[in-house]
Amino acid sequence: MWGRLAASDPGLLRFTAGLRTVTSIALTLAVLAVLRVDVSHLVAGAITAMVATFAIREKQRPEQAGTLALGLPVALASLSLGALLNRHVVIGDLFFVALIFGAVYGRRFGDRGTALGLIGFQMYFVSLFVHATPSALPGLYLAIAVAFGCAAVARFLLVPQTPAGILGRLRRAFRVRFAQLVSAQIELLDAGPDELDRAVEEVRVRTARLHETALMIQGRLADGTSDEAVARLVQRRIADAEIAAERLGLLLLTARSERRADTLTLHLPGAPLPAAAGRPVHDETTERLRLDLEALRLLVLRPAGPTPGTALAGLRNRLLGYREEEHLPDASPAVQDVFRGIGETARAVLGLRIAMDGPQDESDDTPATSRSREELDAEDAAIEGAEEQEREREAAEPTGLRRPTTRAAVQVAVGSSLAIVGGEFLSAQRWYWAVLTCWIVFINTASTGEILVKGYRRLLGTVLGVVAGIGLAGLVGHHVWTAFGLVLLFIFAMFYSAPLSYTLMSFFVTAMLGLLYTLLNTYSTDVLVLRVEETALGAVCGVIAAAVVLPVHTDRRTDELLAGTLDRLAEVTRAAAEQLSGAPPTDLVEKARDLDQALADLRAAVQPLTHPITPLRSRRDTARYVVALLETCAYHARSLAATAELLPTHPSIAADPRLRGAGQRIVRNIEAIAAQVAGGRPAAGIETGPSIAAMLEPGTLRAPRYGRVTDRVLRHLQRLDEAVVGLARPLKVPVRSRAG
């Protein structure tokens, strides 16, 4: 169960965020209860503790402490201005709009600017929520000071979280998700005709989850490791393990097929399976393969033991022997490839163990295991000796109104002004709910489509939360501490579910507010219905502002990210092909990471186009197809990069200059597609030519199947070439063929 929790919440980031927030609020309520303050001060303290906890986003503890210290005077000033200006409608509204503009504009100053802006906005909202007056300020100051103090105690003492600790939990999550992927591959091996679709989909899903965890680890390496050399080593070993696991799944699917699995469509949900893939085979070789996959899963999960001569070492030695062609079964080439893939994955697991757990016991090593260790040691030395390369910035940062933070600040200020005017017509007392919704739908969004989808999800969650709030208010009545207990439960659920479902988070927020209204003796069904109306109004005002004021249309946003992803793909492909052709080594793992991050950003940006409510079905299908092909391209580019980095140290891989031409053709095609997507002159067309796989014909390469330039490299290039050509068609880039 702990492993499942670690896998479902990598690094326990959601669990820790919810636990820390609940602890901060509970501690605040306990202190304020001892001081015997009234309910309104309890509510103000609880909300302040929540804001002071979730607003802080820095990774290092000194920076967190500094932001928390600066947040207290900001909170006190904002609360005071809210109480003083509450009676002056026009002036108060103008100040609120200015505060909103400043809070959003502050995002350009990084995590600290974002946190202080959020604290300032939320504390002004608190003053409106509890109907703060100048005479009540001394008591509210006490509640806020207690809340900030309790937030600090919860963050630094009760629920501490360090970058190194987060990284350690992420590593454990990677191991568990790696093992879950191997389990899914075993299910794929055993699946019958009726179960095959589900088994393949499970492999797809768990491969994507492993990749997600790898990205999270790479994002935490700089802050969570002792030095840059260690970070580079762990990054490399994580990438090796991820690529080996994904390749093993493809080899396994190929072994169950009459022909090679089509990786061009393998990443697309619902893609057709290879012909005759539904016939499982039950023989001695298949049973041996199943046992070896189980052994691989055990190697992934079991920590390194201090006792030499264990059975685990025997399993490891047997699997690593497949890399040396030892004890391969008498089976078809496709099945033998799976055993070789198990050996390569076992080597990646060995490298992962050394990078994460330190030196291992070598007393039971076989010659094959010793050679694998020597290769890993040589790679480690190459990584540690590599010089840091300065990363180039290809485009200047936008200025003026083109700057994303400035544009968002103007948009949210206009939208909030509309929400204030409309909200006053709905309710002179609770118009701020519309402003809050307008503010929230702009957070972490970059296009009109994203704002529309976020507003829709918030409205849906609010409606469902109102229904729950009505029922809970009737059950709780005026039992103060029961209500606060449920509030804490909902807050934990809110933070735990926030990264998974914005609708679910909005549900818990609204249900919690229903309980708070009950505590403040202002609850009624009309109040909760009014919240739905104000939420709908705020979402509409946000969409109008985003569509009219300095709009960033979804098409433009996705085109920019698509062009950026293609640029990163071209960089990785060019560098990998050059290195495979004999060029000096470069930092391929870092380039591959940039490609993965760009693809993740694109995947998030196309959600409005692929959302079930979109009326444009053809655009939805096209967007899904393009993203799926890009995922295929990224997989093959990562694999090429990983193989290219083996050249200086791997004894059985050598450079081949003939790969340069194939790589250059692929890169030119990617750049042509990127140029047309970016809005430049229409491309003359991409170029197709002889199949790269033709290099595998007898007499072309005098190398064994897993020799100097392996068929694996050539097939990755061939599949990448085909995937790029496949991208050209939905993006309306002409395709021209060149003979020879």
Side-chain angles (χ1 to χ4, degrees), residues 262-268 394-395 558-581 583 586 588 591-592 594-596 598-599 602-603 606 622-644 656-696 709 712-740:
D262 184 8
T263 57
L264 292 183
T265 58
L266 192 62
H267 291 88
L268 186 63
E394 299 180 355
T558 54
D559 284 348
E560 290 175 353
L561 291 175
L562 176 57
T565 303
L566 290 169
D567 289 340
R568 301 288 85 74
L569 177 63
E571 287 181 6
V572 176
T573 305
R574 181 189 296 108
E578 289 292 331
Q579 193 161 322
L580 287 166
S581 304
T586 59
L588 284 170
K591 293 180 184 295
D594 291 342
L595 169 61
D596 290 336
L599 183 55
L602 175 64
R603 194 182 297 111
V606 300
T622 300
R624 287 178 174 174
Y625 182 73
V626 168
V627 171
L629 279 182
L630 282 172
E631 289 175 346
T632 296
C633 291
Y635 160 68
H636 291 295
R638 286 197 306 270
S639 300
L640 287 171
T643 306
D656 192 307
R658 288 172 291 182
L659 293 175
R660 181 175 287 108
Q664 288 175 346
R665 186 182 78 190
I666 296 172
V667 170
R668 285 196 303 269
N669 288 343
I670 297 172
E671 291 175 340
I673 298 174
Q676 179 156 319
V677 169
R681 292 181 302 173
I686 67 170
E687 182 182 280
T688 63
S691 170
I692 298 173
M695 298 179 68
L696 289 174
V709 180
R712 183 199 313 170
V713 172
L714 296 173
R715 285 198 168 93
H716 282 312
L717 282 170
Q718 176 67 29
R719 288 304 192 184
L720 182 57
D721 186 32
E722 294 170 356
V724 171
V725 174
L727 274 173
R729 295 187 177 94
L731 297 176
K732 297 181 172 55
V733 178
V735 179
R736 51 190 175 87
S737 177
R738 185 182 69 174

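Hydrogens, waters and symmetry mates play no part in the numbers below; they use all other heavy atoms, side chains included.
Between R660 and E578 there is a side-chain heavy-atom pair separated by less than 4.5 Å. Taking 4.5 Å as the limit, some side-chain heavy atom of L566 sits within range of a side-chain heavy atom of L727. The side-chain heavy atoms of D721 and N669, taken from C-beta on, include a pair separated by under 4.5 Å. Using a 4.5 Å heavy-atom threshold, the side chains of L731 and L562 count as touching.
Heavy-atom minimum distance, V735 versus A728: CG2-CB, 4.0 Å. For A575 against L588, the heavy-atom pair with the smallest separation is CB-CD2, 3.3 Å. Nearest heavy-atom pair across A641 and V572 is CB-CG1, 4.2 Å. When every heavy atom of A563 is checked against every heavy atom of V677, the shortest pair comes out as N-CG1, 4.0 Å. Closest of all the heavy-atom pairs between G726 and Y625 is O-CE2, 4.1 Å. In this structure, T565 and A598 approach most closely via the heavy-atom pair OG1-O, 3.3 Å.
The side chain to side chain contact (heavy atoms under 4.5 Å, CB included) test with V724 singles out one residue from V667, T632, I673, and that residue is I673.
Summarising the geometry, atom CD belonging to E722 is positioned 11.0 Å from atom CG belonging to L629; distances are rounded to the nearest 0.5 Å. Atom-to-atom distance recorded for T573:OG1 and I666:CD1 is 6.5 Å, nearest 0.5 angstrom. One finds the OG atom of S639 at 13.0 Å from the CZ atom of R719 (value rounded to the nearest 0.5 Å). Taking CG of D596 as the start and CD of E631 as the end, the distance is 10.5 Å to the nearest 0.5 Å. The distance from atom OG1 of T622 to atom CZ of R624, rounded to the nearest 0.5 Å, is 11.0 Å. Atoms CG and CZ, from L630 and R568 in turn, are 13.0 Å apart once rounded to the nearest 0.5 Å.
Q676 places a side-chain N or O within donor-acceptor distance of the main-chain N or O of K732, the cut-off being under 3.5 Å.
Electrostatic pairing of R574 and E571 does not count as a salt bridge here, judged by no charged N lying under 4.0 Å from a carboxylate O.
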